[in-house]
J.: 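Okay, here's the structure, questions in a sec.
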Protein chains: 2
Amino acid sequence: MLDLVQDAIPRPYHHGDLRAALVRAGVELAREGGLAALTLRAATRRAGVSAGAAYRHFTSHEDLTFAVGAVALSDMARSIERRQAEVVSGNDLERALAMLRAVGLGYIDYALDDPGNFEVAMFGLFTLAHTSLEPARGDRGLTPYELLVDAVTHLVALDVLKAEQSFTVAITCWSTVHGFATLATRGPLRELPREALDEQADDVVRTLVAGLLP
Amino acid sequence: MLDLVQDAIPRPYHHGDLRAALVRAGVELAREGGLAALTLRAATRRAGVSAGAAYRHFTSHEDLTFAVGAVALSDMARSIERRQAEVVSGNDLERALAMLRAVGLGYIDYALDDPGNFEVAMFGLFTLAHTSLEPARGDRGLTPYELLVDAVTHLVALDVLKAEQSFTVAITCWSTVHGFATLATRGPLRELPREALDEQADDVVRTLVAGLLP
DNA sequence: CCTAGATGTGGACAGTGTTCACATTGCGTG
DNA sequence: CACGCAATGTGAACACTGTCCACATCTAGG
């Protein structure tokens, strides 16, 4: 597998925007081969730069991985927003439920569309208390988790959930959707064709959300 | 961190049961440091043997990892069986529901008790179509997934679920429980104390199972 | 213009998985 | 019982990884 030489003309000594180039290369690598392929040296190779140069912009391999994961999380937020934009019909309650389902379906969409970067995003989200990092947001300015909390809060406002249930409900939703995404991308469902997975995702999310109501 | 020298007396040239020793060492390594710590060289070091020796018993690092994961899956099955053994009171339906919850709670118990080996088990379960490997079973002779299917089948027999729902229900349960285990061991819940996690797990599983009924 | 700080280089080091020729040993066959 | 073969373990190599270092090169501000 040859890396395409993106810069046939010899680059000047200073790259100009190496940080962004490394993140871009990292996203490509993750898309092609998942977390395992997201190697610091491979990213520098792709940017046409020596391995050590990465350390002028990232403190470690993990640090680069987090940066790639942040891009992935933004993309996931946008994927959720896309699903939510389709929710238009129905009364208040129906719309609120559809918005919650859209969070889950957008999450799963992203995982199925780009399993490699989904893996990287979860590594970043999970591996560290990344309180120091600026969280990755979508076009509405919310992280995926905030979009989830927002949808749950609407259900509380409609009196269909009690406020003290919010946290458990949010965690239950996240668990289910994350678990399904994992089973579907790396687990026992990974051989199923995309349409079957979409259908199954719809069933699972529908079952889940229906079960939250009294 | 020093490896304890388990064989002060110089071992004879042939180890005797190196395969089992490597798996045992692998389980320890995973318990101490998760999947990342489960290194082929570290396992051979712990067994007091050269790195190459491992290749007489495993075709690759991945192969050793699968073997460790199989042990972990057996332990998980036993963890589920332990929870199910506590289910005694109530009528048929109540007991059947409690048995299904016990699958989830035993799954989560295992993940919380030994997050490192849980990670290894999932790597093995998920990474490969391991049709060639003998699946890891608990004392009842069932794999964790079979225990889940068994519990769902009982609900079908009691006419509380339709047969054609079985697959979706099983996948929904697995998704939720797996997702929760991931959030709790490596995700945003990992700082919570154990009792809080147990309580949260109970809530999530109860919410989930309650939602499956019409 | 010219120097200080930022950025990239090349080479090193330790650690990893993997392979290979070779050493050692246990065991079944004569 | 002896012998030889197959199984098992060794040590050194290779390519790859992350990480660090002295050094080279460039950019920007006084």
J.: So B:R140 and B:E146, salt bridge (Lys or Arg N to Asp or Glu O under 4.0 Å) or not? Walk me through it.
T.: CA-CA 10 Å; B:R140 265 182 68 204; B:E146 288 166 352; over 6 Å; no
J.: Does A:R19 get its side chain close enough to the base of C:dT7, under 3.5 Å, for a donor-acceptor pair?
T.: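 Donor-acceptor pair under 3.5 Å: no.
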J.: When you measure from the side chain of A:S79 to the backbone of A:G106, do you find a donor-acceptor pair of N or O atoms at a distance under 3.5 Å?
T.: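 Yes, the answer is positive, given that a donor and an acceptor are paired below the 3.5 Å cut-off.
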J.: Rounding to a whole Å, what distance do you find between A:L22:CG and D:dG18:P?
T.: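 Those two atoms, CG and P, are 12 Å apart.
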J.: Between A:H178 and A:Y107, how do the two ring planes meet: parallel, tilted or perpendicular, split at 30° and 60°?
T.: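 Geometry flag for A:Y107 against A:H178: perpendicular rings.
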J.: In whole Å, I'd like the distance from the CZ atom of B:R45 to the P atom of D:dG9.
T.: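 Atom-to-atom, B:R45 to D:dG9, this comes out as 18 Å.
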J.: Between C1' on C:dT16 and CG on B:L29, what's the gap in Å once rounded to a whole number?
T.: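 Spelled out: CG on B:L29 to C1' on C:dT16 is 14 Å.
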J.: I'd like to know if A:R41 reaches the base of D:dG18 with its side chain such that a donor and an acceptor end up less than 3.5 angstrom apart.
T.: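 Under the 3.5 Å cut-off, the side chain and the base do form a donor-acceptor pair.
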J.: For the pair made of CG in B:L40 and P in D:dG9, what is the distance, rounded to whole Å?
T.: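 After rounding, the reported distance stands at 13 Å.
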J.: Which residue, B:A51 or A:G48, contacts DNA chain C at a nucleotide closer to its 5' end, judged by nearest heavy atom?
T.: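 Here A:G48 is the residue nearer the 5' end.
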J.: By nearest atom, which of the nucleotides D:dT8, C:dT18, C:dT9 is closest to the B:H57 side chain?
T.: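 For the B:H57 side chain, the nearest candidate turns out to be D:dT8.
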J.: Of B:S60 and A:D17, whose closest DNA chain C nucleotide lies nearer the 5' terminus?
T.: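 In this pair, the answer is A:D17.
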J.: Rounded to whole angstroms, how far apart are CZ on B:F58 and C1' on D:dT8?
T.: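 Result: 14 Å.
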J.: On the nucleotide C:dG15, are OP1 or OP2 found under 4.0 Å from the side-chain N or O atoms that B:T39 carries?
T.: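 Result: no.
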J.: The test is side chain to side chain contact (heavy atoms under 4.5 Å, CB included); show your working for B:V205 and B:F180 and say whether it passes.
T.: CA-CA 9 Å; B:V205 170; B:F180 182 83; over 6 Å; no
J.: Choose from D:dG9, C:dG8, D:dC20 the nucleotide whose nearest atom is closest to any side-chain atom of B:A53.
T.: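 Taking heavy atoms from C-beta onward, the closest nucleotide is D:dG9.
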J.: Let's see if you can work this out: which of C:dT18, D:dT19, C:dC22 has an atom nearest to the side-chain heavy atoms of B:R56?
T.: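 The listed nucleotide nearest to B:R56's side chain is C:dC22.
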J.: Let me know, please, whether A:L38 or B:S50 comes out on the 5' side of the other along DNA chain D by nearest nucleotide.
T.: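 So the residue in question is B:S50.
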J.: A:V27 and A:N117: which non-hydrogen atoms are nearest, and at how many Å?
T.: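 Result for this residue pair: O-ND2, 3.2 Å.
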